[in-house]
Amino acid sequence: MTSKPSLTCEALINQAADRIDSDSPRLDSELLLSHVTGLGRTSFRAWPEREVTESQAETFEALVAERVAGTPVAYLLGHQEFWSLPLKVSTSTLIPRPDTECLVEVALGLPLPEQARVLDLGTGTGAIALALASEHPGWRIMACDEVDEAVELARENSRLLALPVSVAKSSWFSQLEPARFNLIVSNPPYIAGNDPHLGEGDVRFEPASALVSGADGLDDLRLIVTQSPDWLVEGGWLLVEHGFDQAGPVVALFRDRGFAEVQSLQDYGRRDRMTLGQWADTRRAMVPLNRGEQSGLQQGGSPDAQ
Ligand code: GLN
């Protein structure tokens, strides 16, 4: 007869961590056991010999088996923290990444009016829009996604977190009511269809519609950069996330479209992962300004200004 398997937290965590092939096997293992038992992760260190019930151990084992097969932890837990907000996630959306918090930081650093109108294109879980709403209750934040489940999920996250974001179903701008925004943000799909990374790690389980964008990964970014000026106030900003090797072409897209103040910004790993530009009426800026007249590069005050 085989001896009874140990049900202590420490043993369960160690055995699972040995089997999980990820960058953070022990963390994954602790998060799953915490999810199953309701115990905080710190308690595993404070009281490692504490025993869980047999049924908890079985549920844990089922989750570990899925993790070993590659399912992302966030999908197993059903939530992911972003900007300190516990967001519900589902397999119909991208799992919010820590790097995208850099985009939130950049957005928060822009000179925007107190009641800025903001649009988050392709919001997924609602991560960016909700992070901005948590920092700026006065901003009027709208988000859209083309996927029904994502629209539902973003609305649910908005409700659960009591952060007002109005979520519309729209593929980019196509189904939005005409409006002008002070800031448009987006973390669109930007991976090239043949990128070998699509066959590795968590992305294998995420929806291709949230990841892949044409042969060079830039199809959606081209559309967003091309169409954004019709949705920005004069002096409004467009801020997008992109791949670490796409800053050159994305900066060119912004400049060719007539954006000013175009710059690439880095993520936490110091890679060029975002591009920012300001929509200014360059024809006006080329006219010699009278002293004291506002330059075209300043932020338009009224959201409905052309
Ligand atoms: N940053 C993600 C990744 O590399 C991709 C996100 C996206 O396409 N928007 O997995």
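Numbering starts at 1 and runs along the sequence shown.
Trp139 and Leu130 fall within the same hydrophobic cluster, defined by Ile, Leu, Val, Met, Phe, Trp and Tyr side-chain heavy atoms under 4.5 Å apart, directly or through other members. Hydrophobic cluster membership differs between Leu211 and Val147, with clusters built from Ile, Leu, Val, Met, Phe, Trp and Tyr side chains linked at under 4.5 angstrom. Follow the hydrophobic side-chain contacts under 4.5 Å out from Leu276 and you reach Leu103 in the same cluster.
Stacking of Arg117 on the aromatic ring of Phe181 is recorded, both the 6.0 Å distance cut-off and the 45° axial limit being met.
Within 6.0 Å of CG on Asp21 lie no more than 12 heavy atoms contributed by other residues, nucleotides or ligands. More than 12 non-hydrogen atoms from other residues, nucleotides or ligands lie less than 6.0 angstrom from CG of Asp230. Other residues, nucleotides and ligands contribute only 12 or fewer heavy atoms inside 6.0 Å of the CD atom of Glu177. The environment of Phe244 atom CZ is sparse: at most 12 non-hydrogen atoms of other residues, nucleotides or ligands sit within 6.0 angstrom. Counted within 6.0 Å of CD on Glu200, heavy atoms from surrounding residues, nucleotides or ligands total more than 12; the atom is thus considered enclosed.
Between Glu241 and the choices Gln246, Arg97, Arg273, the side chain to side chain donor-acceptor pair (under 3.5 Å) rule is met once, by Arg273. For the side chain to side chain contact (heavy atoms under 4.5 Å, CB included) with Thr123, the qualifying choice from Asp120, Leu119, Leu121 is Asp120, the only one to do so.
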Legend entry - Asp220 and Ser213: CA distance, side-chain angles, deciding distance, side chain to side chain donor-acceptor pair (under 3.5 Å) verdict: CA-CA 6 Å; Asp220 291 296; Ser213 186; 2.6 Å; yes
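Atom CG in Leu63 sits 5.5 Å away from atom CG in Leu32 (nearest 0.5 Å). From Gln263, atom CD reaches atom CD of Gln278 across 10.5 Å, with rounding to the nearest 0.5 Å. Note that CH2 of Trp279 is 6.0 Å distant from CZ of Phe259, once rounded to the nearest 0.5 Å.
For the pair Asp256 and Arg222, the salt-bridge criterion is not met [side-chain N within less than 4.0 Å of a carboxylate O]. Using a 4.0 Å cut-off between a side-chain N of Lys or Arg and a carboxylate O of Asp or Glu, Glu152 and Lys88 do not qualify as a salt bridge.
Within the 3.5 Å criterion, the main-chain N or O of Ala131 finds no donor-acceptor partner in the side chain of Glu135. A donor-acceptor contact shorter than 3.5 Å links the side chain of Ser29 to the backbone of Ile13. At least one donor-acceptor pair under 3.5 Å links the side chain of Ser34 to the backbone N or O of Leu39. Side chain of Thr59 to backbone of Ser55: a donor-acceptor contact under 3.5 angstrom is found. Counting only distance, with no hydrogens or angles, the side chain of Arg67 and the backbone of Thr71 share a donor-acceptor pair below 3.5 Å. Under the 3.5 Å distance criterion, the side-chain polar atoms of Arg180 are matched with a main-chain donor or acceptor of Leu232. Remark: side-chain polar atoms of Arg19 are not paired, donor with acceptor, to backbone N or O of Val68 under 3.5 angstrom.
Nearest heavy atom pair, residue Gln115 against residue Arg140, reads O-NH2, 2.9 Å.
Contact check for Asn157 versus Leu85: no side-chain heavy atoms found under the 4.5 Å cut-off. Counting heavy atoms from C-beta outward, Phe82 and Glu101 have side chains that approach closer than 4.5 Å. Two residues are said to be in side-chain contact when any heavy atoms from C-beta on lie closer than 4.5 Å; Asp99 and Arg271 meet this criterion.
Between Trp231 and Phe173, the two ring planes are parallel [angle under 30°; tilted spans 30° to 60°].
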